[in-house]
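See structure below.
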Amino acid sequence: MKKRWFWFVLALIVLFPFQSSFANQAVKEVGKGSFSLQYPPIDFDNIGDPGYADQQKEPPETIYRTDRVEGPMPTNRWWSSLAVDTYANNHYPHPFSVRQNEKGLNVFYDAPHNVVVHENSGAGTWHIVGAISTDFTIGHSNESNFNDAKVDDYGDWHVRSLAEKDNASLAFTYGVGIPYIYAEYTGGHAVIDFPQNPQVWAQQGHIIGFSTHDNKHYAAFAPEGSNWETNGQQWENPSEFISVAKLPNTDAETLALFAEHAYSVVRETRADYAVNHETNEVKTTYSANTEAVAGGENGTLFALYPHQYRHLSSGDLVDGMNLFTIRGDMKLIEGSEFETSLTYTGVLPSLPNAGIDTDRLSGYLHEAKNDYPTGQDTYELGKYLGKLSNLAPLADQLGEQELGEEFREELQGHLEDWLRSTDENNAIKGENLFYYNENWGTLLGYHAAHGSAVRINDHHFHYGYFVKAAAEVARANPDWAHDDEWGGMVNELIRDFAADREDPMYPYLRMFDPYSGHSWADGLATFDSGNNQESSSEAMHAWTNLILWAEATNDQELLDRAIYLYTTEMSAINEYFFDVYDEIHPPEYGPEIVTINWGGKMDHATWWNSGAVEKYAINWLPIHGGALYLGHHPEYVERAYQALKQTNGSEDWNWWSNMVWSYRALTDPNDAQRQMEQRIDDYTEFDPGDETIIERGSTKAQTYQWITSLASLGQVNPEITANIPTYAVFNKDGESVYVAYNYDDEARTVLFSDGHEATVDGNSYYVSQEGSGSPPTNPPEEPEEPGDDGNVIERGDFTVSIEQSQSDRVITFTPNTPARYVDLHYRINNGNQENVRMQQDNGRWFLMIPDVENKSLSFRFTYEKDGPQYESEWFTYP
């Protein structure tokens with residue numbers, strides 16, 4: 001019986017093989033996609049560069065963390081070297097600079113006289129450098145040679161380290177925005193060693209105020225009854241707890257204020273956000289839980305960065321208590337929390353086609369079909385995906401849906417290849433796949449580049465392009481984005497670089513620093529200058545694409561998270577990269593941009609040998625429908641453009657000319673058009689080796705459309721918002737121009753904050769015309785005549801005629817360019833607004849409005865033209 005059953009089962013397997021029987025146990029299936037659970041057999045066949053081959057390895061195996069730190073390990077933090085190095089490299093919990101070593105913690109901070117501005121004219125670089133030194137070392141009385149220091153706990157902006165050896169331990173708690181360093185001991189007590197004798201200016205036994213040889217001010221606090229013994233360059237305190245504070249001055253009132261909170265150790269830090277979709281207000285509440293370890297006050301002192309106190313909505317700044325940092329003065333708030341308020345300014349899938357020559361744009365789009373990927377790693381392939389994603393909506397707007405679908409089909413092909421980790425034989429691939437490294441809790445794409453695997457670098461940059469491509473496919477084909485199709489794997493990528501707080505596989509917001517307000521690009525941060533980020537614009541590109549994906553998939557929680565990231569990072573970029581208020585960068589610093597922001601310095605330099613344009617444009621690219629934030633401060637844009645022009649010596653841009661033209665169009669599109677027309681057609685075919693005119697991640701088509709459309713739309717206006725995530729408002733010759741895109745299948749009414757109301761058709765753009773606005777509140781004293789004979793309206797895009805039939809009126813709308821739809825919005829005697837789709841007859845659109853004799857009729861039109869949706873001004877009849 002058993003033998004017969006065995007052969008029966010074997011026959012079933014041969015005749016009807018079950019998929020699960022052959023499932024690859026080293027692969028995690030996600031919808032139609034998958035990722036590998038084991039390091040893949042990397043295909044090195046086409047890799048001749050040893051440096052590039054090294055990029056295909058895994059991150060370090062050892063993570064320095066205690067058993068208290070469980071789950072996915074955060075990376076890309078200002079403190080990440082603590083988890084990677086035996087002790088830690090320099091890191092920068094502003095207002096401090098610190099470094100762990102075998103003895104304890106070296107403490108330093110930058111004063112203005114420590115900061116050096118240096119120009120290397122030969123390389124065209126500038127540097128704002130804070131000094132790296134030691135004011136003193138906080139150590140342990142019974143141990144001066146700890147084996148290592150480990151991450152013992154962390155929050156949104158603080159970390160706790162722990163060094164242990166035999167019966168001795170020393171834990172430090174510190175963080176950005178925390179003007180204290182807390183030290184806790186077992187098996188001994190506090191020791192502070194100075195390289196030079198400090199000056200003591202306040203001695204209260206357990207509290208001591210002192211200044212270093214170069215006049216930097218600190219205070220050291222121990223519990224009452226534990227007095228300091230000051231023996232020249234070494235101080236001791238018998239307590240198992242001390243804290244050290246950076247002070248803005250030596251006033252007695254200042255010392256007393258810091259003493260109030262010196263014994264309340266910060267145990268938890270959180271930045272919680274809330275998005276109001278009606279007002280577009282993004283509120284962030286920064287809160288700290290503290291433990292009073294030696295009595296004293298609960299709560300703490302927060303040191304706020306400029307991007308925080310400039311937008312403070314709750315909490316009172318302490319007057320006269322500014323702490324200098326390389327990122328500008330930090331200002332103090334006392335308490336357990338504070339709140340900021342920012343405004344979300346909208347993104348778009350692309351700019352609408354406005355004012356373009358349709359034949360010319362069509363020609364450029366067809367030329368772009370000959371472009372190809374410049375590499376098969378996550379970044380170079382990603383840039384190509386971003387390029388195609390920008391082209392598809394432009395083709396759709398021209399009415400060339402087949403071309404748009406051709407671009408999307410290529411996007412879909414690349415995505416589905418990468419989002420599936422096995423080949424046709426169900427074996428793990430050697431390239432074009434993602435692998436989950438459980439040790440670090442990260443998804444690594446191979447082939448990798450720029451340290452994206454070995455250092456966990458740049459995931460928001462690289463994967464952001466993949467999300468852009470997925471969002472564009474989903475815009476036209478929502479079914480593709482379902483979790484059981486390919487959307488599950490897209491969400492897996494998003495979780496890697498922007499996971500929510502409860503994610504069991506990935507750390508919370510891997511790339512983003514909630515307190516510093518921007519992302520960190522390096523995963524391990526093992527540099528003397530701490531962590532860094534170069535291309536802030538690619539971070540903004542990533543957050544834009546999360547917004548577009550969330551809209552395409554109707555994911556409200558992701559939408560809120562993405563809007564928070566986009567809006568907050570924008571505020572930090574304006575301060576630290578652009579210095580739009582001209583308050584952060586030293587006066588002697590020449591450029592109008594910081595290219596790379598570090599914890600301990602600011603560079604006008606790139607990670608490669610670059611010219612003048614790249615040092616600006618790496619923080620502009622890629623140009624896309626979420627890049628309009630670059631134009632929010634037109635005075636700064638003009639300042640930056642003129643500085644670049646002066647450095648370059650002319651408008652003969654040495655590289656990436658289209659990036660400069662596109663940036664120039666934000667404030668002077670006519671000049672941008674002039675420059676573009678002189679050179680754009682010298683670029684006859686795609687050549688990734690020559691980026692003099694067109695940067696390899698962009699195209700002639702998008703460059704032409706961006707600049708020409710901005711010339712038609714006007715200057716972006718961030719002051720007017722809308723109750724839809726995908727919108728923009730422009731100012732053209734003093735008149736507002738409103739743009740929105742509706743991802744829904746059904747029409748949607750959009751209300752702008754200035755009262756303008758628009759009906760946006762499903763899956764369509766809406767563009768108002770110059771002069772449009774809300775209907776008149778009261779009829780004019782003298783009725784406006786629509787045309788010469790009172791019954792005809794003529795405009796550039798259309799002609800309207802009004803015919804009387806007894807008490808009824810028949811309105812006919814004749815577009816000069818065929819329209820797919822025309823909507824009529826009207827009010828009778830200033831009553832409720834009616835919105836009706838007009839009827840078509842041989843290219844003309846008409847509607848009868850009954851019973852309006854001797855009544856005032858106000859009306860306007862919404863109509864489609866070459867893809868985008870436009871809106872007329874309001875008319876009044878009779």
Side-chain angles (χ1 to χ4, degrees), residues 59-69 73-110 130-140 143-165 168-178 180-185 191-193 195 243-244 246 266 269 326 439-440 451 454-457 507 510 513 515-516 520-533 598-601:
E61 182 177 349
T62 300
I63 303 176
Y64 289 92
R65 58 176 168 179
T66 69
D67 293 340
R68 289 185 63 197
V69 180
M73 187 64 194
T75 61
N76 304 82
R77 296 293 187 260
W78 56 266
W79 51 262
S80 284
S81 68
L82 180 63
V84 180
D85 290 340
T86 306
Y87 299 104
N89 207 324
N90 301 321
H91 43 299
Y92 299 85
H94 296 145
F96 292 103
S97 308
V98 301
R99 180 167 184 156
Q100 303 262 1
N101 61 26
E102 71 279 3
K103 293 182 179 180
L105 187 71
N106 289 350
V107 179
F108 186 79
Y109 78 73
D110 283 321
I132 300 174
S133 186
T134 301
D135 284 341
F136 52 86
T137 300
I138 305 174
H140 194 288
E143 183 56 66
S144 61
N145 190 24
F146 288 104
N147 295 326
D148 55 39
K150 298 177 179 178
V151 179
D152 190 50
D153 196 12
Y154 62 87
D156 282 1
W157 63 84
H158 85 282
V159 68
R160 172 185 163 97
S161 67
L162 180 63
E164 296 178 296
K165 188 175 183 181
S169 73
L170 175 52
F172 292 107
T173 300
Y174 49 89
V176 289
I178 301 176
Y180 298 95
I181 295 171
Y182 310 97
E184 297 172 275
Y185 297 80
V191 174
I192 300 181
D193 287 300
S243 66
V244 173
K246 172 182 176 178
V266 173
T269 53
I326 201 169
N439 189 37
W440 285 95
V454 293
R455 297 189 63 88
I456 321 180
N457 287 355
R510 178 190 305 281
D513 184 330
Y515 204 88
S516 299
W520 294 113
D522 193 274
L524 308 183
T526 52
F527 298 97
D528 283 345
S529 293
N531 213 326
N532 74 91
Q533 177 163 262
W598 296 79
K601 65 174 180 174

Q) Looking at CG of N90 and CG of N531, how far apart are the two atoms once the value is rounded to the nearest 0.5 Å? A) 13.0 Å
**Q.** Main-chain N/O of G177 paired to H158 side chain as donor or acceptor, under 3.5 Å
**A.** no
**Q.** Donor-acceptor pair, side chain of D85 and main chain of Y87, under 3.5 angstrom
**A.** no
Q.
Going by the rule side chain to side chain contact (heavy atoms under 4.5 Å, CB included), which residues pair with S161 if we only count those two or more places apart in sequence or in a different chain?
A. L82, Q100, F172, Y174
Q: Please report the shortest heavy-atom distance between M73 and P507, naming the atom on each side.
A: O-CG, 3.7 Å
Q | Donor-acceptor pair, side chain of T269 and main chain of W157, under 3.5 angstrom | A | yes
Q | Inter-residue atom distance H140.NE2 - L170.CG, 0.5 Å rounding | A | 6.0 Å
Q.
Go through it in stages, so that I can follow the logic: the residues are T134 and F108, the test is side chain to side chain contact (heavy atoms under 4.5 Å, CB included), and I'd like the CA-CA distance, side-chain angles, deciding distance and then a yes or no.
A. CA-CA 5 Å; T134 301; F108 186 79; 5.7 Å; no
Q: Scan side-chain atoms only and decide if T137 and N106 contain a donor-acceptor pair under the 3.5 Å cut-off.
A: yes
Q. If you look at every heavy atom in F96 and I178, which pair is closest and at what distance?
A. CE1-O, 3.7 Å
**Q.** Closest non-hydrogen atom pair, Y180 against S243
**A.** CD2-OG, 4.3 Å
Q | W598 (side chain) donor-acceptor with D528 (main chain) under 3.5 angstrom | A | no
(Q) Applying side chain to side chain contact (heavy atoms under 4.5 Å, CB included) to D513 and R77, what does each step give before you reach the verdict? (A) CA-CA 7 Å; D513 184 330; R77 296 293 187 260; over 6 Å; no
Q) If you measure from CG on D110 to CD1 on I326, what distance do you get to the nearest 0.5 Å? A) 6.0 Å
Q | Contact check, side chains of R99 and N89, non-hydrogen atoms, under 4.5 Å | A | yes
Q.
What's the separation between atom NZ in K246 and atom NE2 in H94, rounded to the nearest 0.5 Å?
A. 9.0 Å
Q: With sequence neighbours left out, write down each residue that passes side chain to side chain contact (heavy atoms under 4.5 Å, CB included) with R455, or none if nothing qualifies.
A: N457, D522, L524, T526, F527
(Q) Using every non-hydrogen atom in the two residues, find where S80 and A525 come nearest and quote the distance to one decimal. (A) CB-CB, 4.0 Å
(Q) For a side chain to side chain contact (heavy atoms under 4.5 Å, CB included) check, start with the C-alpha distance between S169 and L162, then their side-chain angles and the critical distance, and finish with the verdict. (A) CA-CA 7 Å; S169 73; L162 180 63; 4.2 Å; yes
Q: Write down the atom of N439, the atom of P60, and the distance for their closest heavy-atom approach.
A: ND2-O, 3.8 Å
Q: Measure from the side-chain N and O atoms of D152 to the backbone N and O of R160, and report whether any donor-acceptor pair falls under 3.5 Å.
A: no
(Q) For D67, is the CG atom crowded, meaning more than 12 foreign heavy atoms sit under 6.0 Å from it? (A) no
Q) Does the Y185 side chain pair with the main chain of A171, one donor and one acceptor, at a distance under 3.5 Å? A) no
Q. Would you find a donor on one side and an acceptor on the other, under 3.5 Å apart, between the side chain of K165 and the backbone of N145?
A. yes
Q: Could you pull out all residues at least two apart from D148 that satisfy side chain to side chain contact (heavy atoms under 4.5 Å, CB included)?
A: Y64, T86, K150
